[in-house]
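First the structure, in the form of structure tokens, and then the observations on it.
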Amino acid sequence: MFSLTELRAAADFVHQYVAPTPTIHWPLLDRGTGLSLYVKHENHTRLGAFKIRGGLTFCRYLGSQAHSNRGIVSATRGNHGQSLAHAASRFGMAATIVVPHGNSVEKNAAMRAWGAEVIEHGDDFQAAAEYAQSYATREGVVMVPPFHAELVRGVASYGLELFEDVKGIDRVYVPVGMGSGICSLIAARDALGIDTEIVGVVATGADAVRQSFMAGKVIQTSEAKTFADGVACRSPDPKVIEIIKNGASDIVAVDDNQIADAMRLYFSCCHTLAEGAGALPLAAAIADRDRNIGKKVALILTGANIDRADFARILSGEKR
């Protein structure tokens, strides 16, 4: 997908704005799970997610094009939009972000704080994405898709950090929404020439990517129902499915109760905040406990952006 030279160059650019995040081996988390877990803390970036990395490389790429002053529009459930709002502000571009009705109030506020106009439209991400595309055509701005080579190139910097910080990882779990996270991890692993297994994780109520992976072709679902909004995908990108079909060892699903349990475990064992999507890898590693015993397992914790009231309910033990 990319050479190691290309990825290192992108990482050097990203690191001008985003400090490398730590990978931490938490003894209490190991004790609580019976596993050997290494947590890559992408929830420690300025925006609380790895998306910040791709927004920067995409806006740099756009700035080199003839239409760089046209502004951008994109659809999101939050972290992708925050990334683009932040990067657009860095590069002097106007950003419009479309979110579905009922989207996280605090994510919407964060995007506005970075200078983006936020438009609410539709009942889910797919409806918001379709509106964003029509908006781009009507207003003459650039539509930023949720998956693009320049997004992957920037996000892959977190994979380089992980694999260079921790040697000999047997398996890594990564949440899968529209695909930039897992595809970036595959790109970094392959460029480094290592053989770590990469396992994508989806929610059982939003498993279009898993169905597509198993079928070897894109499968769309009629809905994506999960409180983990960062992985609420019902219409996967064919390019993403092709990459994970060739580069991932498996795509697994966990339910909302397992996700909530993992969020509580992260807080109690590591005193760290994980939104629903960020906790999927821990939930999956626990569900796969038998095959993970004795292995060196990494978890991508991306996404610390959950509304306070929702997190309070989860910490209280409320079942989903």
Side-chain angles (χ1 to χ4, degrees), residues 17-18 21 41-56 72-90 95-129 131-132 144 146 155 175 177-178 180-181 203 205-206 224-233 256 259-260 262-268 270-283 300-318 320:
Y17 302 90
V18 181
T21 58
H41 279 279
E42 287 298 282
N43 61 332
H44 288 183
T45 72
R46 181 178 300 158
L47 303 186
F50 59 50
K51 296 286 188 178
I52 187 174
R53 301 167 181 270
L56 289 164
I72 60 174
V73 64
S74 194
T76 187
R77 291 301 303 263
N79 292 336
H80 174 66
Q82 286 189 74
S83 165
L84 293 174
H86 166 264
S89 72
R90 293 280 190 179
T96 300
I97 307 297
V98 184
V99 302
H101 291 294
N103 197 57
S104 163
V105 173
E106 292 172 21
K107 286 181 180 178
N108 290 352
M111 287 183 279
R112 291 188 175 104
W114 283 111
E117 177 186 2
V118 177
I119 298 173
E120 295 184 65
H121 181 88
D123 294 327
D124 63 9
F125 170 80
Q126 193 60 36
Y131 181 83
V144 184
V155 173
M178 296 306 295
S180 63
K225 297 186 67 174
T226 174
F227 81 94
D229 53 12
V231 295
C233 167
D256 280 6
I259 298 167
M263 293 169 70
R264 287 188 286 269
L265 191 61
Y266 265 137
F267 191 78
S268 62
C270 314
H271 285 161
T272 196
L273 177 60
E275 65 179 83
L280 260 75
L282 175 57
I300 308 304
L301 199 181
T302 182
N305 302 310
I306 182 171
D307 287 359
R308 181 177 60 180
D310 292 334
F311 192 54
R313 284 193 293 271
I314 288 167
L315 285 183
S316 73
E318 179 181 300
R320 303 303 302 181

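Along the sequence shown, the residues carry numbers beginning at 1.
- Here the side chain of Asn43 pairs a donor or acceptor atom with the backbone of Leu273 at under 3.5 angstrom.
- One finds the CG atom of Leu56 at 13.5 Å from the NZ atom of Lys51 (value rounded to the nearest 0.5 Å).
- Using modelled atom types, one side-chain atom of Glu106 and one backbone atom of Arg308 make a donor-acceptor pair closer than 3.5 Å.
- For Gln82 against Ala110, the heavy-atom pair with the smallest separation is OE1-CB, 3.3 Å.
- Closest of all the heavy-atom pairs between Phe125 and Pro146 is CZ-CG, 4.0 Å.
- Shown here are the ring pair (Phe, Tyr, Trp, His ring centres under 6.0 Å) partners of His80, two or more places apart in sequence or in another chain: there are none.
- Contact between Ala85 and Ala95 at its shortest, heavy atoms only, is CA-CB, 4.4 Å.
- Note that the CZ atom of Arg53 and the OG atom of Ser83 stand 11.0 Å from one another [nearest 0.5 Å].
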Stepwise, does the side-chain contact (heavy atoms from CB on, under 4.5 Å) test hold for Leu47 with Asn79? CA-CA 8 Å; Leu47 303 186; Asn79 292 336; over 6 Å; no

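- Atoms OG1 and CG, on Thr226 and Leu280 in that order, are 7.0 Å from each other to the nearest 0.5 Å.
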Does the side-chain contact (heavy atoms from CB on, under 4.5 Å) test come out yes or no for Ile314 and Phe267, once each step is laid out? CA-CA 11 Å; Ile314 288 167; Phe267 191 78; over 6 Å; no

Yes or no on side-chain contact (heavy atoms from CB on, under 4.5 Å) for Leu301 and Leu282, after CA distance, side-chain angles and deciding distance? CA-CA 8 Å; Leu301 199 181; Leu282 175 57; over 6 Å; no

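- Only one option out of Asp307, Asn305, Thr76, Asp229 pairs with Lys107 in a side-chain hydrogen bond (donor to acceptor under 3.5 Å, both in side chains); it is Asp229.
- His41 pairs by the ring pair (Phe, Tyr, Trp, His ring centres under 6.0 Å) definition with Trp26, His44, not counting sequence neighbours.
- Annotation: the span from Phe227 atom CZ to Asp310 atom CG amounts to 9.0 Å, rounded to 0.5 Å.
- Nearest heavy-atom pair, Ala232 versus Ala224, reported as atom, atom and distance to 0.1 Å: C-CB, 3.7 Å.
- Here the CE atom belonging to Met111 is positioned 7.5 Å from the OG atom belonging to Ser104, to the nearest 0.5 angstrom.
- Residues in residues 110-125 take part in these salt bridge (Lys or Arg N to Asp or Glu O under 4.0 Å) pairs, two or more places apart or across chains: Asp124-Arg234.
- For the atom pair CD1 of Ile52 and CZ of Arg90, the computed distance is 7.5 Å after rounding to the nearest 0.5 Å.
- Closest heavy-atom contact between Val231 and Pro175: CG1-CB, 4.1 Å.
- Taking the six-membered ring where the residue is Trp, His86 and Trp114 present perpendicular rings, their angle passing 60° and hence far from 30°.
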Applying side-chain contact (heavy atoms from CB on, under 4.5 Å), run through Tyr17 and Arg46 and close with a yes or a no. CA-CA 9 Å; Tyr17 302 90; Arg46 181 178 300 158; 5.6 Å; no

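- Residues Gly122 and Ala127 share a closest heavy-atom pair of CA-CB, 3.8 Å.
- Each of Leu84, Val73, Ile97 was evaluated against Val144; a single residue qualifies, Leu84, per the side chain to side chain contact (heavy atoms under 4.5 Å, CB included) test.
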